[in-house]
Amino acid sequence: MAATTANFDVQGFLASRSEAVNRALDRFLPSVRARPPTIHKAMRYSLFAGGKRMRPALCLAAAQACGGEQADAMPLACAVECIHTYSLIHDDLPAMDNDDFRRGKPTNHKVFGEGIAVLAGDALLTRAFEIAVQGRPAARYSHRDMVLELARASGSLELIAGQAADLEAEGKKISAPQLKFIHERKTSALLRCSVRLGGMSANCSAARLAALTEFGYNIGLAFQVIDDILDVTQTTKQLGKTAGKDAAVHKATYPAIVGLEKSRNIARQLTDKAFAALKIFKGRAAALEALADFLLTRDK
Ligand code: GRG
């Protein structure tokens, strides 16, 4: 645990930021009365199904570390959450992971059918870009920079690359470096993008942006290692999504390749690297440190 983390109320931070993010998302999303209502109901169903809101919280915490205003970071925080939720809806489809539960509820396609679930994901992805440009640009970072950041993180060299490589690895034996390639893209890219956007909204210096990039990269990798550990150690009820799935489909994961104990050590080491990257903030990054610690010790 980092020195400043012990006194930080991370649960309180997450609760207050989630509330603010949910209010903003509600404003940014079309009403369920907008025609045709089904698509807007489906978008809102998954978005408000109760995720942890880690990416927006990280975005807002990064803005805070850089001395920024929450209001300037909020559209970017919401945009990232929309992209994340789209990726979950599509990942759960029968053509991909074929899952029945997500965020403790039946998956989007189970409720609305596959066609609408595909469209709800598409609509959340495109809405994200509209939302991202609702805020103020910063002196060093234009809306173009922010949109590029989001597009790159979610495109075919990052998030989609990770998902495609993951799909292709199914049922195959893959090496630890191949697994790291998948994790860097499938999970780390969007987490890294979240903190970078928070920093950009606060007009951070190039050195601080580099520090946030290093921090986001490492917590992103740690996040996925922990996710894989939880898939083995927790129940479906606890996770709100199907547990034990990785082993059932012989998915390559860190616990499968190096075992649970070594996986825990890897997550710890990655989190330590993330902490080290925050030195430049000289104690102003308490929320980021606490969130990294929370991610490491989370149980769902
Ligand atoms: C379909 C383009 C496309 C990408 C899918 C998100 C994803 C990529 C796959 C889902 C499976 C998975 C293990 C992804 C890695 C990222 C991850 C751990 C997502 C779950 O994030 P949480 O735990 O979810 O933050 P909540 O529901 O709390 O927001």
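Indexing begins at 1, ligand by ligand and atom by atom, following the structure's order.
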Heavy atom of the protein closest to [atom] (residue, atom name, distance):
{"atom": "atom 8 (C) of ligand 1", "answer": "Q163 OE1, 3.3 Å"}
{"atom": "atom 20 (C) of ligand 1", "answer": "H84 CE1, 3.9 Å"}
{"atom": "atom 22 (P) of ligand 1", "answer": "K52 NZ, 3.4 Å"}
{"atom": "atom 18 (C) of ligand 1", "answer": "F223 CE2, 3.3 Å"}
{"atom": "atom 27 (O) of ligand 1", "answer": "R103 NE, 2.8 Å"}
{"atom": "atom 2 (C) of ligand 1", "answer": "Y86 OH, 3.3 Å"}
{"atom": "atom 10 (C) of ligand 1", "answer": "D91 OD2, 3.0 Å"}
{"atom": "atom 14 (C) of ligand 1", "answer": "K186 CE, 3.7 Å"}

> Non-hydrogen atoms of K300 versus ligand 1: any pair closer than 4.0 Å?
Replying inline: no
In ligand 1, which numbered atoms sit nearer than 4.0 Å to a non-hydrogen atom of [X]?
{"X": "G51", "result": "26 (P), 27 (O), 28 (O), 29 (O)"}
{"X": "H90", "result": "1 (C)"}
{"X": "D227", "result": "13 (C), 18 (C)"}
{"X": "T187", "result": "15 (C), 16 (C)"}
{"X": "I160", "result": "2 (C)"}

>> Does this structure show an ion pair linking E158 with R152, if we count only N-O contacts that are shorter than 4.0 Å?
In response: no
>> Any carboxylate oxygen within less than 4.0 angstrom of a Lys/Arg side-chain nitrogen, looking at R298 and D293?
In response: no
>> For atom 7 (C) of ligand 1, which of the options G155, S87, G121 provides the nearest non-hydrogen atom?
In response: S87
>> I need the R192 CZ to I219 CD1 distance, nearest 0.5 Å.
In response: 11.0 Å
>> Can you tell me how far apart CD1 (I266) and CG (L221) are? Round to the nearest 0.5 Å.
In response: 10.5 Å
> Hey, does R55 come in under 3.5 Å of ligand 1, counting only N/O atoms on both sides?
Replying inline: yes
> Short N/O distance, under 3.5 Å, between Q224 and ligand 1?
Replying inline: no
> side-chain contact (heavy atoms from CB on, under 4.5 Å) with L124: which of M43, R44, H84?
Replying inline: M43
> Of the options E149, M146, R196, which is the one that meets Y141 in a side-chain contact (heavy atoms from CB on, under 4.5 Å)?
Replying inline: M146
> Where does the angle between the aromatic ring planes of Y45 and F112 fall among parallel (under 30°), tilted (30 to 60°) and perpendicular (over 60°)?
Replying inline: perpendicular
>> So that I know where these two stand, are F223 and H183 an aromatic pair - ring centroids less than 6.0 Å apart?
In response: no
>> For M54, which part has a heavy atom under 4.0 Å from ligand 1: side chain, backbone, both, or neither?
In response: neither
>> Using a 6.0 Å distance limit plus a 45 degree cone around the ring axis, check whether R185 lies over the aromatic ring of F181.
In response: yes
> Quick one: do the D246 and T253 side chains pair a donor with an acceptor below 3.5 Å?
Replying inline: no
>> Within the 3.5 Å criterion, strictly below it, is a donor on Q269 or N265 matched to an acceptor on the partner's side chain?
In response: no
